[in-house]
Undergrad: 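Questions regarding the structure given below will be posed in turn.
Given the structure is predicted, the values throughout are model-derived calculations rather than measurements. Numbers here are sequence positions counted from 1.
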Amino acid sequence: MKLQTYTKCEDGSTKVSFNEPTVADAFQFEDINPKLEQKALTEYLNHMLSDGQDHDSKNWTVYDRITALMWIYVLSRDDRSVLMTYQCKYCNEEHGVPVDLASLFKSLVYAGREMKEPFEFGNLKGVIVPLRGYAMERLEQLTNLRDSHPINSKAYKARNDDIYLYRIAYSVELDGEDESLSPDERADQRVEEFLKRPLKDKSFQSLVAKVRIVASEMRHGLPCVIRDGGVLLVTQEHECPNTEGAKTRLMLPFQAVDYMPSLQLEGQETADQLAFILD
């Protein structure tokens, strides 16, 4: 069964049709490693496409990937609420608040601008672009590599620097690039270009500042914040029950694996346990 058509927020016109998740899908995507969720997200979104569509979610913006996943989740469930808890800064108590995920789509934003912004800093020229799925997969790999080293070690710091450089590298396209190369190969070349820039001309520093500004302007889809590699969904305000007029904007931590299909078997049996019971 097909779900209601999704319109990509990047352009506000491209239509995408997804199938409703099935039991088979739940088995296929169970036990996803959260450290590999970007790769799994690409596979899941592509798998859920209805027949005959020429789309690859690896090329979608990070915002459309998040929004499309939530679109499938909300439209394929009766219960669309999650309980969020937070520590209130007004009364210092923990509050529990039900968040209706369907209501988030009331704040859906379609991009109101071109997804390319020209820049020129000396002889460093090109366009700024949003991060896409292939970038998120590579950044995830680099993060896992970094985290394999002890914190505060030289190796950890070096890999952390790589993440910083590649985040900028995937946020731009430079003039004169070889378009026959893969996105990852082109990102490698950009990093090499960044590293050999003269420090005194400040072209790289200026580019980083520009990327931060333009990336904010290019946001679309469900309102969210990307912070320290993680994603927070912007939800409703909640008024403290103990302090009149004191409101907190709730930020719901987003983990893609939480919104992929699950059997939710009674008693929380895993598939292996169920097989044992039925043996």
Side-chain angles (χ1 to χ4, degrees), residues 1-80 82 101-111 114-116 129-141 170 179-184 186 218-222 224 231 233 254-265 270-271 274-275:
M1 178 178 174
K2 292 183 181 179
L3 299 174
Q4 181 180 340
T5 301
Y6 173 72
T7 302
K8 287 177 65 179
C9 299
E10 175 185 358
D11 58 20
S13 60
T14 301
K15 306 294 184 182
V16 182
S17 181
F18 293 108
N19 293 319
E20 183 176 352
T22 64
V23 171
D25 298 325
F27 275 114
Q28 181 170 342
F29 290 95
E30 68 177 350
D31 298 328
I32 297 295
N33 184 345
K35 290 184 176 295
L36 299 173
E37 72 170 13
Q38 290 297 329
K39 183 176 183 295
L41 178 54
T42 298
E43 294 173 353
Y44 176 65
L45 291 175
N46 289 351
H47 174 78
M48 296 308 297
L49 291 168
S50 57
D51 294 339
Q53 295 185 92
D54 185 21
H55 294 290
D56 186 349
S57 62
K58 181 178 285 191
N59 299 320
W60 295 2
T61 67
V62 58
Y63 303 112
D64 261 320
R65 285 161 62 87
I66 293 169
T67 306
L69 176 63
M70 296 299 294
W71 182 264
I72 297 171
Y73 183 86
V74 165
L75 291 181
S76 60
R77 294 175 63 89
D78 293 324
D79 179 11
R80 301 163 178 175
V82 295
L101 297 176
S103 69
L104 300 183
F105 283 89
K106 295 177 182 178
S107 302
L108 191 67
V109 175
Y110 292 95
E114 180 74 20
M115 289 292 103
K116 290 186 177 183
V129 297
L131 290 172
R132 297 189 180 272
Y134 53 76
M136 299 306 294
E137 289 188 24
R138 182 76 177 281
L139 292 171
E140 181 175 69
Q141 293 169 8
Y170 280 109
E179 296 187 4
S180 68
L181 298 178
S182 71
D184 289 343
R186 293 170 71 178
M218 286 183 174
R219 286 178 184 163
H220 48 273
L222 292 178
C224 65
V231 177
L233 294 176
F254 175 84
Q255 192 91 51
V257 294
D258 293 338
Y259 301 100
M260 292 184 188
S262 170
L263 286 174
Q264 296 180 322
L265 297 171
T270 64
L274 186 62

Undergrad: Say whether, by atom type as modelled, one donor and one acceptor occur between the side chain of Trp71 and the main chain of Thr7 under 3.5 angstrom.
TA: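 Such a contact is absent between Trp71 side chain and Thr7 backbone.
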Undergrad: Over all heavy atoms of both residues, which pair between Arg219 and Tyr63 is shortest? Give the atoms and the distance, please.
TA: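 Closest pair (atom of Arg219, atom of Tyr63, distance): CG-OH, 3.3 Å.
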Undergrad: Taking salt bridge (Lys or Arg N to Asp or Glu O under 4.0 Å) as the cut-off, I'd like each qualifying pair that reaches into residues 40-52, sequence neighbours left out, listed once.
TA: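 Sorted pair list: Lys39-Glu43.
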Undergrad: So, does Glu37 use its side chain to make a donor-acceptor pair with the main chain of Ala256 at under 3.5 Å?
TA: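 Yes, because the side chain of Glu37 sits within donor-acceptor range (under 3.5 Å) of the backbone of Ala256.
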Undergrad: Quick one: closest heavy-atom pair of Leu45 and Ile72, and the distance?
TA: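 Minimum heavy-atom contact is CD2-CD1, 4.0 Å.
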Undergrad: Whether the side chain of Ser50 engages the backbone of Asn19 through a donor-acceptor N/O pair (distance < 3.5 Å, no angle test) should be reported.
TA: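 No, because the side chain of Ser50 does not come within donor-acceptor range (under 3.5 Å) of the backbone of Asn19.
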Undergrad: Is it true that a side-chain atom of Arg65 and a backbone atom of Trp60 form a donor plus acceptor pair closer than 3.5 Å?
TA: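 Not a single qualifying donor-acceptor pair exists.
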Undergrad: Counting neighbours of NZ on Lys58 that are heavy atoms of other residues, nucleotides or ligands and sit closer than 6.0 Å, is the number greater than 12?
TA: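 No, the 6.0 Å shell around NZ holds no more than 12 heavy atoms from other groups.
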Undergrad: Please work out whether the ring planes of Phe254 and Tyr259 are parallel, tilted or perpendicular, with thresholds of 30° and 60°.
TA: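 Parallel: the ring planes of Phe254 and Tyr259 meet at under 30°.
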Undergrad: With sequence neighbours excluded, what pairs up with Pro130 under the side-chain contact (heavy atoms from CB on, under 4.5 Å) test?
TA: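 Only Thr61, Met115, Arg132, Met218 meet the side-chain contact (heavy atoms from CB on, under 4.5 Å) criterion with Pro130.
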Undergrad: Looking only at non-hydrogen atoms, find the nearest pair between Gly221 and Leu108 and report the distance.
TA: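 Smallest heavy-atom distance, with atoms named: C-CD1, 3.5 Å.
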Undergrad: Over all heavy atoms of both residues, which pair between Ile32 and Ala40 is shortest? Give the atoms and the distance, please.
TA: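 Between these two residues, the closest heavy atoms are CG2-CB, 3.5 Å.
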